[in-house]
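Notes follow the structure.
In what follows, residues are counted from 1 in the order of the sequence shown. No experiment lies behind these values; they were computed from the predicted model shown. Indexing begins at 1, ligand by ligand and atom by atom, following the structure's order.
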Amino acid sequence: MNSRLRPWREAATVVLAAGGGGEASGGRAAFDYEVLLLRRSPRSAFMPSAHVFPGGVADAADFSPEWLPLLPAPPPAVRAGGPPRPPLFAAERPELGSPLPGEVAFRICAIRETFEEAGVLLLAPADQGRPAPGRPARLLPAGRLPPAAELGEWRRRVQRQPGAFLQLCRHLRCAPNIWALHEWSDWLTPAGRAGRGGRRYDTAFYLCCLGQRPPPASHDQQEVTAYQWTKPPEAIELFKSQDIWIPPPQFYELCRLCNFPLLHDLHKFGFERALEGCERWMPVLLIASDGYMQLLPGDELYPEDPDFTGERKPMLTTNKKIEDVLKEAARLHRIVIQDLNNVAIHVNVQPKYKHINPLPLNTKTGNNSRL
Ligand SMILES: CC(C)(COP(=O)(O)O)[C@@H](O)C(=O)NCCC(=O)NCCSC(=O)CCC(=O)O
Ligand SMILES: Nc1ncnc2c1ncn2[C@@H]1O[C@H](COP(=O)(O)O)[C@@H](OP(=O)(O)O)[C@H]1O
Ligand SMILES: [Mg+2]
């Protein structure tokens, strides 16, 4: 699609999981890893105060050809084949005059944003050669990093000027650890749920598993006002108790992670599955009399010709109650939102590209029996 006709911004985000070690016991304690959640500023023009994964809008600097000499070759499995991909990765970008493929640039974007927003640097030594994708990644040893004050100064420079991230990598003789990020999903903000100024985002979600304890993070006191490392079921509990608000895409992805108590299993699944392909999802809103639903591809009510630009019919409506709409449907793939923190995913369709369905964790009190 012509970028001038595309009424959304292109962004990348990373589901960063850290831990491993596989100490298993019953219940939530069986999770041996935590994921990084950031609280957006209450002043954000889009999803204020929401808890999200680190990420943000791609910058022309993420597509700079100057990255090329620094980056490792993709692992063979990544290079081979052409699985189905969302348009985000496939789009040609003659306006940037860049030979950098989207699949590389959006990874750089996610890694840069993770540094800007959380101070976590997902880098690898530039001379490391090909990565070993079968294993969870590791961060640079502390000895390869500049002192904290200097790194803080770099962080502020990158926030002001994303091109400074390339300079930082050159300075450290490191490269963004792009092949530690595995394509996981792609969410397009529903037409009709745009933020202030019509903000919508086509966001590439990557999974990155670190085989080490969660590294120290820090918020930037601007765009991000708090951070926490949390086990996926704990994040759902915090949402349920209204301590935090998690937007639907991130909620959906956390419920998917709840299938994997062990980091190694999550990493293996994410790395192998990514080779199968990925599909862009734009939820379509169905407003009922007592709440609403976000219909997802595969659901029997999902429109054949969804209105991506929101010019025709961005929302569907019904006079019925949610309960009655649900009873009438056989093929379900939808997020049901009864109020802000009462959210349930109803899905009985086979996920595409060997993906996994979320665990059915209704956030109503008393329903999380599978945690
Ligand atoms: C794209 C972002 C990383 C934010 O970018 P920023 O430059 O502001 O840091 C972030 O928005 C993100 O992770 N987006 C992912 C998907 C998305 O856009 N979700 C929005 C869903 S909004 C929604 O569903 C409204 C909920 C409702 O009431 O229905
Ligand atoms: N102090 C602050 N409070 C709230 N939002 C801030 C902020 N400083 C920067 N931002 C916003 O954070 C966004 C940049 O995010 P990212 O770098 O993750 O893409 C910008 O939003 P907009 O692009 O919507 O204007 C910017 O306005
Ligand atoms: Mg951001």
Find out whether [X] and [Y] are in side-chain contact, i.e. whether some heavy atom of one side chain is under 4.5 Å from a heavy atom of the other.
X      : Y      : result
His333 : Trp281 : yes
Glu117 : His219 : no
Phe260 : Pro232 : no
Leu266 : Leu257 : yes
Pro7   : Arg200 : yes
Leu172 : Arg144 : no
Leu316 : Leu285 : no
Phe269 : His355 : yes

Side chain or backbone of [X] under 4.0 Å from ligand 1, or both, or neither, by non-hydrogen atoms?
X      : answer
Arg40  : side chain
Val57  : both
Glu117 : side chain
Arg199 : neither

Please write down residue, atom name and distance for the protein heavy atom closest to [atom].
atom                    : value
atom 24 (O) of ligand 2 : Arg199 NE, 2.5 Å
atom 25 (C) of ligand 1 : Arg193 CD, 3.6 Å
atom 4 (C) of ligand 2  : Ser41 OG, 3.5 Å
atom 22 (P) of ligand 2 : Arg9 NH1, 3.4 Å
atom 17 (O) of ligand 2 : Glu113 OE2, 3.0 Å
atom 10 (N) of ligand 2 : Glu223 CG, 4.0 Å
atom 9 (O) of ligand 1  : Glu223 OE2, 2.9 Å

So does [Y] get a backbone contact from the side chain of [X], meaning a donor-acceptor N/O pair under 3.5 Å?
X      : Y      : result
Asp299 : Leu296 : no
Arg273 : Tyr353 : yes
Lys320 : Val325 : no

Taking only heavy atoms of [X], which atoms of ligand 1 are found under 4.0 Å from at least one of them?
X      : value
Phe205 : 15 (C)
Gly55  : 3 (C), 9 (O)
Phe46  : 11 (O), 18 (O), 20 (C)
Thr189 : 17 (C), 18 (O)
Pro249 : 16 (C), 19 (N), 21 (C)
Ala11  : 1 (C)

Check: If you measure from each heavy atom of Ala11 to ligand 2, is any distance below 4.0 Å?
Finding: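 Contact absent.
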Notebook entry, point to check: N/O to N/O below 3.5 Å, does that happen between Ala45 and ligand 2?
Noted result: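 There is no such contact.
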Check: Under 4.0 angstrom from ligand 1, any heavy atom of Pro248?
Finding: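 Right, Pro248 reaches ligand 1.
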Margin query: I'd like to know whether the aromatic ring centres of His182 and His267 sit less than 6.0 Å apart in this structure.
Written below: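 Here the rings of His267 and His182 have centres that are less than 6.0 Å from each other.
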Next item on the list: Determine whether the aromatic ring centres of Tyr252 and Trp187 lie less than 6.0 Å apart.
Entry: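 Centroid distance Tyr252-Trp187: below 6.0 Å, so yes.
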Strictly inside 4.0 angstrom of [atom], do you find any protein heavy atom?
atom                    : value
atom 1 (N) of ligand 2  : yes
atom 20 (C) of ligand 2 : no
atom 26 (C) of ligand 2 : no

Identify whether [X] and [Y] are in the same connected component of the hydrophobic contact network (ILVMFWY, side-chain heavy atoms under 4.5 Å).
X      : Y      : result
Ile335 : Val349 : yes
Val57  : Phe53  : no
Trp184 : Val35  : yes

Check: Checking Arg107 against Phe89: charged group under 6.0 Å from the ring centre and within 45 degrees of the axis?
Finding: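 Here Arg107 fails the 6.0 Å and 45° test against Phe89.
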Check: Relative to Phe46, does Arg193 satisfy both conditions: NZ or CZ under 6.0 angstrom from the six-membered ring centre, and within 45 degrees of the ring's axis?
Finding: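 The answer is no, since Arg193 fails at least one limit relative to Phe46.
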Check: Which protein atoms of type N, O or S are found under 2.8 Å from the Mg ion (ligand 3)?
Finding: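 Checking every protein N, O and S atom gives Gly55 O, Glu117 OE2, Glu223 OE2.
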Next item on the list: Would you indicate which of Gln250, Gln294, Met47 comes nearest to atom 23 (C) of ligand 1 when only heavy atoms are counted?
Entry: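 Residue with the shortest heavy-atom distance to the ligand atom: Gln294.
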Note to self: On a heavy-atom basis, I'd like to know which of Asp186, Val14, Thr203 is closest to atom 14 (N) of ligand 1.
What the structure shows: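 Answer by nearest heavy atom: Thr203.
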Note to self: Can you confirm whether the side chains of Arg155 and Ser218 place a donor and an acceptor under 3.5 Å from each other?
What the structure shows: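 Per modelled atom types, Arg155 and Ser218 side chains form a pair under 3.5 Å.
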Notebook entry, point to check: Hey, are Glu10 and Trp8 close enough side-chain-wise for a donor-acceptor pair under 3.5 Å?
Noted result: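 There is no such pair between these side chains.
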Next item on the list: Output yes when the distance from some N or O of ligand 1 to some N or O of Tyr292 is under 3.5 Å, and no in every other case.
Entry: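 Yes, since at least one N or O of Tyr292 sits under 3.5 Å from an N or O of ligand 1.
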Checklist line | N or O pair under 3.5 Å between Thr13 and ligand 1 | finding: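 N/O-N/O distance below 3.5 Å does not exist for this pair.
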Margin query: Counting only heavy atoms closer than 4.0 Å, does ligand 2 sit against the backbone of Gln159, its side chain, both, or neither?
Written below: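 Neither part.
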